[in-house]
Protein chains: 2
Amino acid sequence: MAGSTSSEHGRLIRKMETIAVLTEPEKAALAGLPMRLKDFAEDTDLVREGDTPQECCLILEGFICRYKLLGQGQRQIFSFHLPGDIADLQCLQLSVMDHSVGALVPGRCAYIPHTALRELTDRFPAIAAAFWRDILIDAAIFREWLAGVGRRTAHQRIAHLICEVCTRLKSLKLIDDHVFDLPVTQAELGDALGLSTVHVNRVLQDLRRAGLITSKGRRLVIEDWPKLQEAGDFDPAYLHLRAPEGR
Amino acid sequence: MAGSTSSEHGRLIRKMETIAVLTEPEKAALAGLPMRLKDFAEDTDLVREGDTPQECCLILEGFICRYKLLGQGQRQIFSFHLPGDIADLQCLQLSVMDHSVGALVPGRCAYIPHTALRELTDRFPAIAAAFWRDILIDAAIFREWLAGVGRRTAHQRIAHLICEVCTRLKSLKLIDDHVFDLPVTQAELGDALGLSTVHVNRVLQDLRRAGLITSKGRRLVIEDWPKLQEAGDFDPAYLHLRAPEGR
DNA sequence: AATCGCGCCTAACATGGGTTAGTGTGGCTC
DNA sequence: GAGCCACACTAACCCATGTTAGGCGCGATT
């Protein structure tokens with residue numbers, strides 16, 4: 001076991017390396033984290049508002065969102081998460097979840113006990129700093145979405161989101177071109193962007209007609225990155241990636 | 001000097017106590033932080049997008065906001081900050097600011113060197129945890145605003161914001177009833193809530209007509225807290241206050 | 001191969017909130 | 001005390017987006 005790193009732990013390490021430089025002992029410590037693996041189906045809640053979890057949930061495969069249900073049965077999605085993300089890192093400090101974490105497609109995750117994570121952050125300040133950094137980037141993404149929903153048009157918001165997902169996938173080395181799966185229904189896009197399903201549909205068609213994107217099923221192709229970036233007023237600075245992506 | 005605590009440091013300690021329990025040595029350490037005081041005028045930027053500050057900015061007096069200017073000259077305000085808040089705590093981990101911090105009214109702040117804060121968090125893990133917690137609460141507020149701008153009506157958003165500010169002021173013991181200053185123009189409210197100035201005005205009048213609030217100048221009185229809370233779909237859970245406020 | 005359900009798509013209509021273009025007023029400056 | 005400026009407020013009009021109500025196609029189930 002020692003010396004080798006499972007693919008599960010590799011996911012986590014690769015993600016951490018997008019936000020911080022890790023030494024070998026730090027990587028080894030991450031690789032030694034205990035994990036309880038779990039497969040999950042579509043539309044499952046991994047963590048629920050009001051819960052006080054004792055484990056954190058590392059995404060290994062799938063596409064995850066954080067969301068909250070509002071008074072009138074509406075839903076707001078706050079963020080999407082990709083493999084390597086720990087979606088509920090915050091509950092290390094805030095015991096009660098103020099929102100839920102849900103799966104949009106079937107996938108796999110690993111539950112890591114808080115105790116193990118606390119021990120890790122106590123022993124390796126650099127890892128604590130990286131987690132802290134991760135949470136701050138999380139917050140930066142919320143701010144960017146807030147700016148979008150508050151002040152950008154529907155066209156800008158959708159273009160922006162597509163740029164963001166593509167940039168993050170590239171930084172995780174899960175893709176290396178402008179082709180990827182966006183396994184999200186138009187209704188879910190609407191819940192993320194504060195739009196109705198109907199309007200999401202209208203706008204997507206506009207973007208296709210304008211030649212900025214194409215899509216077959218959930219597979220999405222960005223045909224004209226510069227124009228899409230411009231249409232979305234997208235500047236990746238807020239993602240605070242170590243190596244500037246884009247192109 | 002030893003044994004006494006300046007009112008500047010007191011502000012910070014009182015704020016920290018709303019999010020964590022502090023021991024005497026921890027309080028003493030906070031009270032010993034070096035501070036460079038500065039008065040500022042209305043509409044000043046305390047920190048600007050793109051900056052890489054070497055100090056954090058503790059608010060002592062005034063009303064501060066964090067904001068970003070978008071491509072088309074529009075502005076989105078992300079949060080308001082009250083005395084005791086460190087508005088740019090995040091730059092301890094993310095060196096480049098991805099947004100600005102601006103004063104809405106004249107006030108006073110204290111700049112604290114990053115080095116002193118790092119030393120403090122190294123020596124006192126509980127303080128590091130409290131900072132971490134503060135940042136997470138910050139993010140929780142962003143999420144709540146995102147939910148508002150994305151899915152709530154203008155009336156709900158405005159009522160919600162008024163409830164939030166009042167609740168936070170109470171938790172800081174800056175007020176103890178439902179009367180407070182909201183030193184913010186209607187245009188600024190609009191920038192925070194994703195609304196036009198005209199519409200903010202319309203809605204405020206509606207709330208007054210409905211007997212939920214009154215206001216003379218910037219002084220605002222919540223006349224009917226339960227109804228306002230309901231109108232705003234306000235649940236203070238997301239503020240993660242140690243002692244549940246509200247009423 | 002019929003049925004079901006879900007997600008994409010469309011059309012017609014409704015409306016919340018934006019835009020533009022002001023008026024009114026109180027506090028400040030000179 | 002005249003002038004100015006910032007801000008609250010108003011009115012008329014407009015449009016981006018929401019709502020309602022479906023149709024269509026495809027994969028899964030039987």
Side-chain angles (χ1 to χ4, degrees), chain A residues 41-43 63 65 70 72-77 103-106 148-161 181-209 213-220 231 233, chain B residues 41-44 63 70 72-76 102-106 148-162 181-209 213-221 231 233:
Chain A
E42 206 172 321
D43 292 320
F63 204 80
C65 75
L70 303 192
Q72 295 67 31
Q74 312 153 89
R75 178 167 73 157
Q76 177 68 44
I77 293 178
L104 297 173
V105 294
V149 175
R151 288 303 188 204
R152 288 199 251 256
T153 66
H155 289 256
Q156 291 176 308
R157 277 180 244 177
I158 292 189
H160 194 280
L161 181 66
D181 282 334
L182 190 63
V184 158
T185 67
Q186 297 183 349
E188 286 157 350
L189 271 184
D191 284 340
L193 299 170
L195 296 170
S196 68
T197 311
V198 174
H199 204 57
V200 170
N201 186 282
R202 287 196 271 246
V203 173
L204 281 175
Q205 313 238 7
D206 286 350
L207 293 180
R208 277 189 216 117
R209 230 171 285 135
I213 59 170
T214 53
S215 62
K216 330 115 198 185
R218 334 200 103 171
R219 171 123 316 194
L220 198 143
D233 189 24
Chain B
E42 206 172 320
D43 291 319
T44 323
F63 204 80
L70 303 192
Q72 294 67 31
Q74 313 154 87
R75 179 167 71 159
Q76 177 67 45
L104 298 172
V105 294
V149 175
R151 289 302 188 202
R152 290 199 250 256
T153 67
H155 289 255
Q156 291 176 308
R157 277 180 244 179
I158 293 189
H160 194 280
L161 180 67
I162 294 171
D181 282 335
L182 190 63
V184 159
T185 67
Q186 296 182 351
E188 286 157 351
L189 271 183
D191 284 339
L193 299 170
L195 296 170
S196 68
T197 312
V198 175
H199 203 58
V200 170
N201 186 282
R202 287 195 271 245
V203 172
L204 282 174
Q205 315 238 10
D206 286 350
L207 293 179
R208 279 190 214 115
R209 231 171 284 136
I213 59 170
T214 53
S215 62
K216 329 114 198 187
R218 333 202 103 170
R219 170 123 314 193
L220 198 143
V221 183
D233 188 25

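Throughout, a chain's letter reflects where its sequence line sits, starting with A, and its residues are numbered from 1. For the numbers below, each heavy atom of this structure counts, side chains included, while hydrogens, waters and symmetry mates do not.
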- line: Which of D:dT17, C:dG18, C:dC8 is nearest the side chain of B:L195? It is C:dG18
field: Given DNA chain D, 5'-ward residue of the pair B:T185 and B:Q205, judged by closest heavy atom
entry: B:T185
Can you measure [X] atom [atom1] to [N] atom [atom2] for me and round it to whole angstrom units?
{"X": "A:H199", "N": "D:dT20", "atom1": "NE2", "atom2": "C1'", "result": "17 Å"}
{"X": "A:L193", "N": "D:dT17", "atom1": "CG", "atom2": "C1'", "result": "13 Å"}
{"X": "A:R151", "N": "D:dA16", "atom1": "CZ", "atom2": "P", "result": "16 Å"}
{"X": "B:I158", "N": "D:dA8", "atom1": "CD1", "atom2": "C1'", "result": "14 Å"}
{"X": "B:K216", "N": "C:dG26", "atom1": "NZ", "atom2": "P", "result": "16 Å"}
{"X": "B:R218", "N": "D:dA6", "atom1": "CZ", "atom2": "P", "result": "13 Å"}
{"X": "A:L204", "N": "C:dC9", "atom1": "CG", "atom2": "P", "result": "7 Å"}
{"X": "B:E42", "N": "D:dC7", "atom1": "CD", "atom2": "C1'", "result": "11 Å"}

Base, sugar-phosphate, or nothing for [X], non-hydrogen atoms under 4.0 angstrom?
{"X": "B:R208", "answer": "sugar-phosphate"}
{"X": "A:T197", "answer": "nothing"}
{"X": "A:G194", "answer": "sugar-phosphate"}

message: I want to check something: taking the side chain as every heavy atom from C-beta on, are A:Q186 and A:V198 in contact at a cut-off of under 4.5 Å?
response: no
Presence of donor-acceptor pair under 3.5 Å, side chain of A:R202 and base of D:dG18: yes
When you measure from the side-chain N and O atoms of [X] to the phosphate of [N], is any distance below 4.0 Å, counting only OP1 and OP2?
{"X": "A:R157", "N": "D:dA16", "result": "no"}
{"X": "B:R152", "N": "C:dG17", "result": "no"}
{"X": "A:N201", "N": "C:dC9", "result": "yes"}
{"X": "A:Q186", "N": "C:dC6", "result": "no"}

query: Which distance, rounded to the nearest 0.5 Å, do you find between the CG of B:L182 and the CG of B:L204?
result: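 B:L182 CG to B:L204 CG: 9.0 Å, rounded to 0.5 Å.
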message: Check whether B:R157 reaches the backbone of B:R152 with its side chain - one donor and one acceptor, N or O, closer than 3.5 Å.
response: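 Flag set: sc B:R157 to bb B:R152 pair under 3.5 Å.
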- prompt: Do you know the tightest heavy-atom contact between A:E188 and A:P183?
  reply: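 Residues A:E188 and A:P183, closest heavy atoms: OE1-O, 4.4 Å.
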5' priority, DNA chain C, between B:A154 and B:V198 [closest heavy atom]: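 Residue closer to the 5' terminus by nearest nucleotide: B:A154.
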- prompt: Do A:Q156 and A:D233 meet the criterion of a side-chain donor-acceptor pair at a distance under 3.5 Å?
  reply: no
